[in-house]
Structures are given as structure tokens and as C-alpha cells.
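This report concerns only the one structure given below.
Computed from a predicted structure; not experimentally measured. Lettering of chains follows the sequences in order, A, B, ..., and the numbering in each one begins at 1.
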Amino acid sequence: MSDPSLFQEDPVSVGDRLAAEALIVDVDGFEGPLDLLLTLSRTQKVDLRRISVLQLAEQYLAFVDKAKALRIELAADYLVMAAWLAFLKSRLLLPPDPNEEGPTGEELAAHLAFQLERLGAMREAAARLMARDQLGRDFFARGLTEDVTRVRRTHYSATLLDLMQAYARIRTRDEFRPFAFDRTHVFTMEQALDRMRGLIGYAGGWTDLMGYLPDGWAHDPVRRRSATAATFAASLELAKQGQIELRQAETFAPITLRRKTH
Amino acid sequence: MTDTATPDRQSDAPEERSLFEAPPIAEQERMVEAILFASAEPVTVADLAQRMPHGCDPAEALVHLRKRYEGRGVNVVRVGDAWAIRTAPDLGFLMQKEVVETRKLSRAAIETLAIIAYHQPATRAEIEEIRGVAVSRGTIDQLMELDWIRLGRRRMTPGRPVTFVVTPRFLDHFGLESARDLPGLKELRAAGLLDNRPMPGTTTLGDEESDEMAGQTELFED
Amino acid sequence: MTDTATPDRQSDAPEERSLFEAPPIAEQERMVEAILFASAEPVTVADLAQRMPHGCDPAEALVHLRKRYEGRGVNVVRVGDAWAIRTAPDLGFLMQKEVVETRKLSRAAIETLAIIAYHQPATRAEIEEIRGVAVSRGTIDQLMELDWIRLGRRRMTPGRPVTFVVTPRFLDHFGLESARDLPGLKELRAAGLLDNRPMPGTTTLGDEESDEMAGQTELFED
């Protein structure tokens with residue numbers, strides 16, 4: 001599959017190896033597979049419109065093989081392109097299947113050629129643009145703008161970037177709201193435990209469990225339910241630890257507790 | 001002109017030419033004109049001579065230039081022992097627009113503005129809900145004064161609160177064709193303005209985005 | 001110009017004059033000259049008209065002024081719908097002192113800029129399709145910060161992607177009167193190289209802005 005014009009079969013001479021490595025090390029310098037393809041296509045020394053896509057596909061695949069042989073890690077998009085080119089190559093080589101849907105190999109090849117020509121053209125356009133006379137380098141604006149200090153108006157400025165950043169800031173806050181569980185109406189068992197451990201020392205006789213609900217949690221039904229559950233669970237935990245005793249006269253009767261005396 | 005061309009010009013062309021003769025005085029006048037125009041400070045004759053090709057006579061060129069600008073909208077004037085181009089004194093009244101003091105908008109104001117732009121029409125309560133803090137009267141006043149927001153239709157909800165919308169001047173200032181052109185959350189993220197990634201397993205932003213877009217489109221279709 | 005002279009002029013002369021008729025065109029030319037000289041930024045015709053006395057025709061005055069500065073050391077140039085005075089490009093070699101070192105743009109940034117300029121309005125997906133790689137974080141940001149590109153209208157395709165267009169400052173920086181004057185634009189268009197030609201057998205790529213990783217992977221999927 002390797003193309004003798006670019007790479008040779010192993011064993012390679014030192015010179016060839018260096019040349020190949022130089023090219024591969026340069027992968028860092030390539031701006032993606034399309035850029036690499038454009039560079040490879042230049043070796044054909046023909047008008048981009050007359051380029052042999054088949055030959056180009058082979059050059060590219062040989063390049064990727066070589067990179068693998070030299071254990072150069074290629075970015076995923078280079079490998080995606082290699083897979084696509086292998087597919088394209090098979091399409092170009094095999095006789096077209098009349099039953100098959102979709103574009104022909106020729107159509108795909110023509111599109112790739114178009115992409116390369118367009119990228120080459122844009123690159124040239126970019127170079128021509130940058131070669132133009134530029135403000136602040138080749139021609140200049142007024143160095144001393146007139147300043148009349150008498151009429152002063154304050155002008156508030158904000159750029160679109162400021163605006164977008166501000167919005168991004170607010171929205172980022174919002175975005176995280178669902179993940180930070182809304183705890184304003186939730187009393188946790190840990191909180192209840194902390195609270196009870198602090199209070200239990202002062203409780204001499206039997207006291208109603210409901211007396212341990214924190215201030216402000218006894219009226220609103222949602223909060224009351226949460227605080228009751230947490231306090232009850234905490235009392236079970238404390239009973240298990242042997243710190244308190246629990247008592248309930250009958251089903252649904254008030255639960256009372258007291259400190260366990262040793 | 002490429003980067004390499006400039007030094008060439010400087011070192012070759014004028015140098016070479018100067019071996020024979022200085023540029024014609026009309027050309028020297030052009031040079032003085034360009035230098036005085038582009039300099040932030042008045043320029044002395046010695047300075048001019050140093051910057052111009054060898055053999056030039058900037059004092060002579062200045063005489064011509066000064067004459068050329070006599071009675072024009074700007075004049076060549078002497079400032080100490082240096083020269084500058086200045087507005088003709090009788091046209092000073094035209095310059096008053098040049099003195100605007102630019103100040104950054106406060107964070108509260110820019111956030112409020114952003115919320116109105118993205119959610120318009122927005123009520124004060126909505127802005128406060130999104131920002132999580134009260135919106136001071138001064139902030140709204142300032143944005144109204146800047147003519148970046150204005151009152152929209154009243155919301156048909158209890159209390160019929162006023163709403164705020166952005167103005168054409170806002171669009172103009174921010175170079176937008178319409179408020180719909182504001183980039184969405186995903187685009188903000190793509191542009192690197194939003195660094196936080198969503199937590200795995202939560203609703204994808206794509207969904208949120210399209211909802212928001214639908215909302216916005218609705219809002220704008222009056 | 002003294003502090004006391006100007007307010008007098010400001011309040012009397014132009015006001016009074018405008019009650020009768022606009023100043024003669026030669027005088028208007030002086031005014032335009034003074035305003036353009038005083039500003040480092042291009043000034044729009046509308047802005048000129050606003051600053052000049054009532055009844056003035058700055059567009060007409062500009063025609064005269066532009067002619068007057070032809071071949072001089074500084075020229076009157078058009079930048080979009082605004083006007084500015086700039087030093088003649090052939091005198092750049094005199095200006096070493098004025099050159100401001102600008103941050104070198106990456107190759108990706110330069111190419112992205114060119115693609116936006118030649119294809120504008122261009123979506124992110126289109127830029128990525130042409131370059132064959134994702135537009136890196138910060139590239140768009142950097143070009144926006146330079147104020148060389150800005151957001152254009154959203155594309156009326158599914159997802160309504162934002163588009164980018166070049167700004168007046170871009171035109172100013174590269175000495176272009178309008179985006180139509182980009183070098184080689186006609187030839188590129190005639191060669192069909194500015195067409196948005198989708199990959200055979202796929203939907204048009206311009207529409208598929210939605211994915212952040214649009215570009216490479218998306219491009220070569222079938």
C-alpha cells in the first residue's frame with residue numbers, strides 16, 4: 001500500500017528514515033488531516049483540479065502506516081480520515097454496485113478535491129490579506145487626537161463580550177442549582193443528631209420527641225415532616241448507641257425519650 | 001508590503017537614492033506631513049531630519065507645508081521648538097464630541113442588562129429571581145438613561161407588572177441585528193466564555209438551549 | 001485655541017449662521033477636514049452631519065476633500081460607511097517610531113479571519129468544514145477582541161446558528177473600503193470556491209452547527 005514516491009518498504013535507509021521522521025514530527029505543524037492532505041497533494045505537482053485522489057489516498061494511508069511503524073501517536077481525526085480514505089479507495093477501485101444507494105466514489109473524490117482546492121484558495125487569500133498594507137504597520141492613524149477638555153460627558157461602555165460573560169456567569173450559577181440539592185426545607189439526620197446530642201444532657205425525665213424539633217420547623221407541614229423524620233431517625237440512632245431510652249405507650253401515642261442512666 | 005520589505009525600503013531605497021540626491025522637495029513635504037500627522041507629540045526639525053532620508057531639508061519642507069495648510073481646517077503650528085498639525089482655532093466648536101469619558105458599566109448593571117436582553121420582556125421580579133439579589137432603582141434608571149432598555153408591555157398577571165425590553169440603541173451599541181442574534185449558552189461555552197461543564201447524567205444543554213430558543217422566538221414574534 | 005475663545009464661537013457663530021443657510025462648501029470642507037484630522041477612528045457621514053452646522057452636506061464636502069489629499073502624505077480613505085485620514089502607505093518606512101507591536105496571530109486565527117471575510121456571513125460549522133478542523137477555543141474570541149469580527153444575523157436554518165461577519169475596524173486595519181474589495185474575491189467566486197457545497201449524500205453542513213465538535217468527525221461521517 002505504500003507509495004514509493006514518498007516512502008519505501010522496510011528496510012529504509014537512514015536518509016529516508018530521517019526524511020520520513022521529519023515529515024511525521026511535523027504532524028504537530030499540520031492543522032488537521034485536510035491540511036496534511038493538501039501538503040501531500042502538492043507532491044503530485046499538478047493543478048489541484050487534476051489531482052489523483054486515489055494516489056492521494058494511498059499517500060495518506062502510507063503516511064499513517066509509517067507513523068504507526070514509528071510509534072507516533074496520531075490524533076483521532078487523522079485516523080478517522082484514514083478510515084474514510086480507505087473506504088473511498090475501495091469505492092474507487094471496485095466496479096460500482098448498481099444496487100447501492102448513496103454517492104459514487106467519483107462524487108466523493110470530486111468533493112475531496114474541491115475541499116482541498118478551497119482550503120488552498122483560502123490559505124492563499126489569507127496570505128494576500130496579511131500581505132496588505134496594515135494600519136499601525138504600513139499606514140497610520142492620527143497620532144495626536146484633538147482633546148478639548150471643556151465638554152465632559154460620561155459615556156458608559158460595555159462590549160458584547162462583557163454582556164455575554166455576564167450572562168454566562170449568571171447562567172452558570174443557575175445551571176448548578178439543580179445539582180446542589182435544595183435544602184431549605186430539609187432537616188437532615190446529621191443535623192438532628194447534632195441537635196439532640198447537645199440537648200440530651202439537659203433532659204432529666206421523659207420528654208416528648210416532638211419537643212426536640214428545632215425552632216421554626218414545627219408549623220410548616222413540609223418542614224415539620226422533614227424535621228420529625230430526621231429527629232425520629234436520630235433518636236433511634238442514639239438509642240442504638242445506648243445513649244437514650246425510648247418509650248411509646250401505644251400505637252400513634254407520643255414517643256418520649258430520656259437519657260439513659262448507667 | 002511584507003515584513004521583510006519594510007527594512008529594505010528603509011535601508012536600500014532612500015540610502016541609495018541619497019548617494020545621488022535628496023528626494024524632490026514636494027516629496028519631502030509629503031514626508032513631513034505624514035510624520036507630523038502620525039506623531040503623538042510635536043516633532044522637532046532635528047527629529048524630522050533624522051527620520052527622513054539623508055540630504056532632506058525638513059525646515060524648507062515645513063515652510064511649504066505650512067503654507068499649504070494656511071486657511072485649511074487644520075494648520076501646521078509651532079509648539080516650542082517643534083511642529084504639529086492642529087485644528088484651526090475657529091473650528092474648535094466642532095471638537096466637543098471628542099471628549100467623552102468612558103466608564104465601565106457596573107457588574108449589577110451589565111448583569112441586569114444581559115438578563116433583559118436574553119429574557120425580554122422581563123419584569124423586575126424576574127430579573128431579581130435570576131440574579132438572586134434585588135435590583136436597585138439606580139441600575140434600572142441608568143440603563144434607561146443610556147437608552148439601552150425601555151418599558152415594554154405590562155405583563156397580564158396579577159399586579160400587571162411592567163416589563164423591560166432592549167432598545168434599537170442597545171442593538172446598535174452591541175453590533176447586533178436583533179436580540180435574537182445573541183449567542184445561546186452552548187455558543188457561549190464553545191467560545192470559552194462558560195467554563196463549567198454540565199454534570200454527567202443531567203439534562204443535556206442541547207435540550208435546555210432549544211427550549212430557550214423556542215421561548216425567545218416566541219417572545220419576538222409579536 | 002484658548003479656553004475662552006471657543007465657547008463663544010460655539011454658541012454664536014454656527015448657530016446664528018444656520019438660521020439662514022448652510023456654510024459655503026469650502027467651509028464645510030474645512031470642517032470635515034478638522035473633524036477627520038482630530039479623530040483616530042473613522043467617522044461616519046451621519047456623525048459628521050450631526051456635528052456640523054445644520055444644512056451641511058458632508059458627503060459632498062468629502063468628495064472635494066478626498067480629491068485635495070490625493071497624492072499627499074496623508075490621504076482621505078473610505079472605511080465602510082465611514083471616512084478617515086491615514087498616512088500614505090508608501091511612507092510607512094518613515095514611521096518606525098509609530099509602529100505598535102501587535103500580537104502575532106496564529107495561523108488558525110489568520111485562516112479563520114480570511115474564511116469569515118470571504119464567506120461572510122459564516123457559521124462556525126462552515127469555518128470548520130473549510131479548514132477540516134475544529135475552531136479552537138479562543139480563536140474566535142481573539143478575533144472578536146481585536147474587533148475584527150462580530151456576530152451577524154443568525155442563519156435561518158435548523159438550530160439557527162450564529163454567523164460571523166467582519167467589522168469596520170477590520171476594513172480599516174487592512175485598508176479596505178468594503179468587504180467587496182477583498183483581494184481576489186471575484187476570482188474566487190467565479191471559480192466556485194466560495195460556494196457552500198455539501199459532501200455528496202449528506203444534508204447541507206451549514207445547518208449542523210448544533211454539535212460542539214462539529215467539523216472533523218461530523219464532516220467525514222456518512
**OP:** Could you tell me which of C:Ala26, C:Ala88, C:Gly73, C:Gly71 has the largest number of non-hydrogen atom pairs under 4.5 Å with chain B?
**Re:** C:Gly73

**OP:** Mark yes when over 12 heavy atoms from residues, nucleotides or ligands other than B:Glu41 sit less than 6.0 Å from its CD; otherwise mark no.
**Re:** no

**OP:** Heavy-atom distances under 4.5 Å only: say whether C:Arg86 touches chain B with side chain, backbone, both or neither.
**Re:** backbone

**OP:** Could you pull out the closest heavy-atom pair between B:Leu91 and C:Ala34, with the gap in Å?
**Re:** CD1-CB, 3.7 Å

Subject >> chain B contacts, top residue of C:Thr163, C:Val165, C:Leu151, C:Val32 (heavy-atom pairs, under 4.5 Å) >> reply: C:Leu151

Original post:
Can you tell me how far CG of C:Asn75 sits from CZ of B:Arg30, rounded to the nearest 0.5 angstrom?
Top reply: 7.0 Å

Original post:
Side-chain contact, heavy-atom cut-off 4.5 Å: C:Phe93 with B:Arg51?
Top reply: no

**OP:** Could you tell me which portion of C:Leu65 (side chain, backbone, both or neither) has an atom closer than 4.5 angstrom to a non-hydrogen atom of chain B?
**Re:** side chain

Original post:
Between B:Glu29 and C:Arg72, is there a side-chain N and carboxylate O pair less than 4.0 Å apart?
Top reply: no

Original post:
Can you tell me if CD on C:Glu177 sees more than 12 non-hydrogen neighbours from other groups inside 6.0 Å?
Top reply: yes

**OP:** Measure the spacing between CD of C:Glu27 and CG of B:Asp90 and express it to the nearest 0.5 Å.
**Re:** 6.5 Å

**OP:** Taking atom CZ of C:Arg66 as the centre, report whether more than 12 heavy atoms of other residues, nucleotides or ligands fall under 6.0 Å from it.
**Re:** yes

**OP:** Working to the nearest 0.5 Å, report the span between OG1 of C:Thr87 and CG of B:Leu36.
**Re:** 12.5 Å

Original post:
Where does the angle between the aromatic ring planes of C:Phe37 and B:Tyr69 fall among parallel (under 30°), tilted (30 to 60°) and perpendicular (over 60°)?
Top reply: perpendicular

Subject >> Side-chain donor/acceptor of C:Arg154 to backbone N/O of B:Leu182, under 3.5 Å >> reply: yes

